[in-house]
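Just so it is clear, the values below take in all heavy atoms, side chains as well, and ignore hydrogens, waters and symmetry mates. Proteins come first, then strands; the chains are lettered A, B, ... in the order of their sequence lines, and each starts at number 1.
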Amino acid sequence: MSPEIGTHQLESDTAGDMNFKETELTLALPGESRTLKEMNGGTIGTKRGFLETVDLNLGSPRADCSDKDRNESENDVLTAAKPPAAKAQVVGWPPVRDYRKNAMKSCKYVKVAVDGAPYLRKVNLEMYNSYEQLLSALEDMFSCFTIRNYLNERKMVNGVENVPTYEDKDGDWMMLGDVPWKMFVESCKRLRLMKSSEANGLAPRTPSKCSSTSG
Amino acid sequence: MLRMARSLPEEVLEHVFSFIHSDKDRNAISMVCKSWYEIERWCRRRIFVGNCYAVNPSMVIRRFPEVRSVELKGKPHFADFNLVPDGWGGYVYPWIAAMANAYPWLEEISLKRMVVTDETLELIAKSFKNFKVLVLSSCEGFSTDGLAAIAANCRNLRQLDLRESEVDDPSGHWLSHFPDSFTSLVSLNISCLGSEVNFSALEHLVGRCPNLRTLRLNRAVPLDRLANILRRAPQLVELGAGTYSAELRPDVFSSIAGAFSGCKELKSLSGFWDVVPGYLPAIYPICSSLTSLNLSYATIQSPDLVKLVSQCQSLQRLWVLDYIEDIGLEALAAFCKDLQELRVFPSEPFALEPNVSLTEQGLVSVSEGCLKLHSVLYFCRQMTNDALVTIARNCPKMTRFRLCIIEPRTSDYITLQPLDDGFGAIVEHCKDLRRLSLSGLLTDRVFEYIGTHAKKLEMLSVAFAGDSDLGLHHVLYGCENLRKLEIRDCPFGDKALLANAAKLETMRSLWMSSCSVSFGACKLLGQKMPRLNIEVIDERGPPDSRPESCPVEKLYIYRTLAGPRFDMPGFVWTMDEDSALRFS
């Protein structure tokens with residue numbers, strides 16, 4: 001990205017929501033389309049995916065939107081992920097089909113369903129190094145819901161709790177956190193954030209495995 | 001003339017019509033007079049429904065009672081990129097159920113982007129005694145259990161093609177359900193299957209089907225199995241290899257090389273996951289007769305690609321990763337003078353920095369060296385107007401041009417201007433252009449060029465482009481042959497859409513997501529245009545829970561004779577004549 005665009009964007013005024021230039025430098029780390037997040041007091045279609053990320057990533061005014069700053073910014077999903085050798089993605093861009101992405105290295109897209117949310121989403125498990133990172137990303141993607149941390153710490157936001165579960169290669173539904181991270185990535189076919197009340201039938205967590213689940 | 005038409009016996013007319021295959025011509029015939037309409041409809045054998053919701057099965061069956069081959073398409077194209085939420089629709093079961101009763105002699109079913117269930121496949125397997133061809137392209141919703149039913153029951157199956165479908169495959173044993181007496185297979189494409197198939201069942205199947213011409217294996221077939229399979233099918237014309245990697249060993253190499261040399265008819269290669277370059281020379285002997293090469297999964301670098309490609313003098317189609325780089329494309333331009341179609345896919349679409357040296361120059365080289373080039377899909381990270389103008393001038397016969405500059409809104413990297421003029425040159429010089437995908441920094445001006453020049457354009461894909469409604473208006477107003485328009489993240493709103501409402505009935509469909517079309521405009525369109533389905537897709541809940549001026553998340557508009565559909569999920573609303581009442 002040429003620096004000229006960077007400085008230009010600060011001066012260019014927003015013709016309301018239509019001007020994308022001011023978001024241009026944040027394109028490197030746009031979030032997943034976060035339609036549930038009510039940004040700027042109104043979910044206006046043209047903003048989604050860009051203006052959202054401006055508010056999301058930059059706590060301070062966007063004086064210098066370099067990668068360096070972004071790395072140093074406070075707790076946000078994207079810095080928790082792997083170092084930015086890869087971008088976080090806008091949904092459906094670039095227009096490469098999932099089976100192609102999955103055939104390449106570092107790509108394992110699985111569907112994520114959240115009880116109560118109309119849309120399924122997809123996440124690339126290879127983008128994360130640990131359960132914490134994944135859960136953090138999921139929380140951000142489905143921000144109206146609270147995901148019960150696999151270590152049983154809960155963050156109550158809207159008072160709705162979800163338990164993260166996954167379907168493994170054998171078709172069984174398991175709770176997240178039981179197996180080492182890499183093994184999980186290998187065997188996970190899809191994710192589902194289940195309502196706490198429904199998760200009762202699942203295999204209980206075995207506390208002794210907790211320590212091996214990070215990384 | 002009229003007297004002559006009436007006096008020709010039906011059988012004669014029917015015989016004449018049997019030489020007419022294209023839908024367009026058949027439709028024209030049916031409009032000549034009532035008796036021709038009647039004769040034609042009884043002898044139409046193939047039907048194509050480009051949007052499964054444009055018409056319902058009973059209408060089709062009522063008009064065409066003797067159909068042998070059906071092709072249906074479901075979800076809009078942007079579903080390929082996860083823009084159409086799961087559960088939107090495209091269920092094929094109602095069609096199959098209706099046809100099971102009406103067309104017992106149905107032979108061929110081709111589906112694209114539809115939801116197919118195991119129940120559907122089981123119904124197909126037992127309903128059509130002479131069933132021959134099943135093509136499931138980018139479909140989902142079924143498992144290998146459904147495939148087992150097809151294998152077990154379709155005695156005359158010739159083609160089973162699962163291209164790019166999402167199959168739940170817990171077991172590889174479905175192949176064993178083809179009975180030993182089954183020998184009619186001509187084409188098998190299982191490249192999309194994730195898990196292993198039973199190798200001995202596969203080898204046995206291949207060995208007993210003497211007419212097998214096309215075999216596309218999946219990644220789980222290892223290299224050391226490939227030689228055995230090839231030796232059983234030396235008559236193969238099209239092969240998709242599985243994983244092309246193994247420890248380099250001379251005995252394995254000569255086995256593979258020998259097997260390939262035995263296949264004198266091979267014209268098309270694909271697959272090649274995880275390539276070990278040391279095994280590539282095994283295919284050199286057959287390179288000169290290859291017309292189609294799909295290396296888009298092969299992570300081989302440009303020196304190996306150059307060696308390969310420079311031996312493929314008959315090549316007409318190449319799909320490859322951007323590892324080929326500009327230097328490899330120069331070699332392509334030098335050696336493959338018959339090239340018609342080129343697709344270059346990104347090896348690292350999400351990397352911040354380019355990982356390969358592939359630029360606009362590569363495509364320019366190919367346009368200079370390959371005079372028959374008419375179909376392009378090119379992912380890259382930089383472009384200039386000059387390059388596009390050069391390409392346009394070199395390839396006036398271009399029919400499909402899809403350029404994806406990976407970073408949205410990237411300008412000409414030398415002049416920093418929008419790429420309006422470059423794409424303008426494409427539509428101006430390429431008068432036969434039927435399909436176009438835009439990218440890069442684009443203003444309303446590019447749409448003016450498109451509306452003015454792209455008179456044969458049938459499909460246009462637009463993302464992160466334009467300044468105002470004028471852009472959309474230029475396209476809707478000017479592109480006379482436009483059938484499909486798909487738009488995402490553009491500042492297009494109500495005005496252009498409402499002003500060109502009538503145009504929408506001349507098109508198959510319009511998709512707009514993350515644009516600025518208001519709910520109010522959608523309602524209005526629904527009232528004005530009863531022969532359109534205006535589908536509002538919104539995750540935020542009912543559109544009337546927000547102000548009328550609020551833009552809808554996603555909008556899918558298509559013409560239909562069937563009225564609003566009844567299988568919509570909770571996040572899709574159809575605007576129709578009553579919507580004003582319902583939503584007030």
Side-chain angles (χ1 to χ4, degrees), chain A residues 1-2 4-5 15 17-21 23-24 27-30 32-33 35-36 38 42-50 67 84-107 109 111 113 117-122 124 127 169-171 189, chain B residues 78 80-83 85-87 138 164 166 168 170 192 195 219 273 296-297 299 321 345-353 379 404-411 413 416 437 439 461 463-464 467-468 488-491 513-517 538-541 546 550-554 569-571:
Chain A
M1 287 282 186
S2 65
E4 286 86 343
I5 297 171
D17 312 317
M18 297 302 196
N19 190 328
F20 282 86
K21 291 204 161 50
T23 63
E24 214 153 80
L27 283 180
L29 289 175
E32 284 267 352
S33 173
T35 54
L36 289 178
E38 300 288 315
T43 49
I44 303 183
T46 51
K47 283 186 179 185
R48 197 160 296 113
F50 290 96
D67 284 354
K87 298 179 177 196
Q89 300 120 46
V90 174
V91 174
W93 192 268
V96 177
R97 298 191 54 189
D98 285 345
Y99 69 81
R100 275 199 187 283
K101 291 190 233 163
N102 282 344
M104 295 293 108
K105 309 168 201 172
S106 311
C107 256
Y109 277 87
K111 293 186 184 180
Y119 290 178
L120 286 180
R121 281 176 167 73
K122 287 185 180 175
N124 178 7
M127 275 188 69
K169 272 188 177 155
D170 303 322
K189 269 174 41 178
Chain B
F78 271 177
D80 286 356
F81 314 122
N82 302 321
L83 288 175
D86 245 57
S138 305
E164 296 159 22
E166 229 178 273
D168 207 4
C192 63
S195 59
R219 191 175 189 171
W273 286 274
S296 59
Y297 301 110
T299 50
L321 286 171
F345 295 96
S347 51
E348 287 183 34
F350 306 114
L352 288 173
E353 297 299 323
F379 283 81
C404 180
I405 304 166
I406 288 174
E407 187 61 39
R409 298 200 182 82
T410 303
S411 61
Y413 75 95
L416 303 183
S437 297
S439 59
S461 309
F464 309 106
D467 309 311
S468 76
R488 61 161 301 172
D489 292 275
C490 295
S513 54
S514 306
C515 296
S516 310
V517 181
D538 211 308
E539 195 185 20
R540 299 168 292 176
R546 292 175 292 282
C550 188
V552 300
E553 226 170 59
K554 302 174 203 259
F571 50 83

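Of the possible donor and acceptor atoms, one in the side chain of B/Arg546 sits under 3.5 Å from a partner among the backbone N and O of B/Gly541.
Only the side chain of B/Glu166 comes within contact range of chain A, with heavy atoms under 4.5 Å apart. Neither the backbone nor the side chain of B/Tyr413 comes within contact range of chain A; no heavy atoms are under 4.5 Å apart. For chain A, no part of B/Ser461 is nearby; none of its heavy atoms comes within less than 4.5 Å. Only the side chain of B/Leu321 comes within contact range of chain A, with heavy atoms under 4.5 Å apart. Neither the backbone nor the side chain of B/Ser195 comes within contact range of chain A, judged by heavy atoms closer than 4.5 Å. Neither the backbone nor the side chain of A/Lys169 has a heavy atom closer than 4.5 Å to any heavy atom of chain B.
The candidate from B/Ser296, B/Gly87, B/Ser437, B/Ser513 with the greatest count of non-hydrogen atom pairs under 4.5 Å with chain A is B/Ser296. Comparing B/Phe571, B/Trp273, B/Phe81, B/Tyr297 by heavy-atom pairs within less than 4.5 Å of chain A, the highest count is held by B/Phe81.
In this structure, the side chain to side chain donor-acceptor pair (under 3.5 Å) partners of A/Asp98, at least two apart in sequence or on a different chain, are A/Lys101, A/Lys122, B/Asn82. Take B/Phe379 and apply the ring-ring contact (aromatic ring centres under 6.0 Å, His included) test, not counting sequence neighbours, and it matches no residue.
Counting heavy atoms from C-beta on, the side chains of B/Cys192 and A/Tyr99 never come closer than 4.5 Å.
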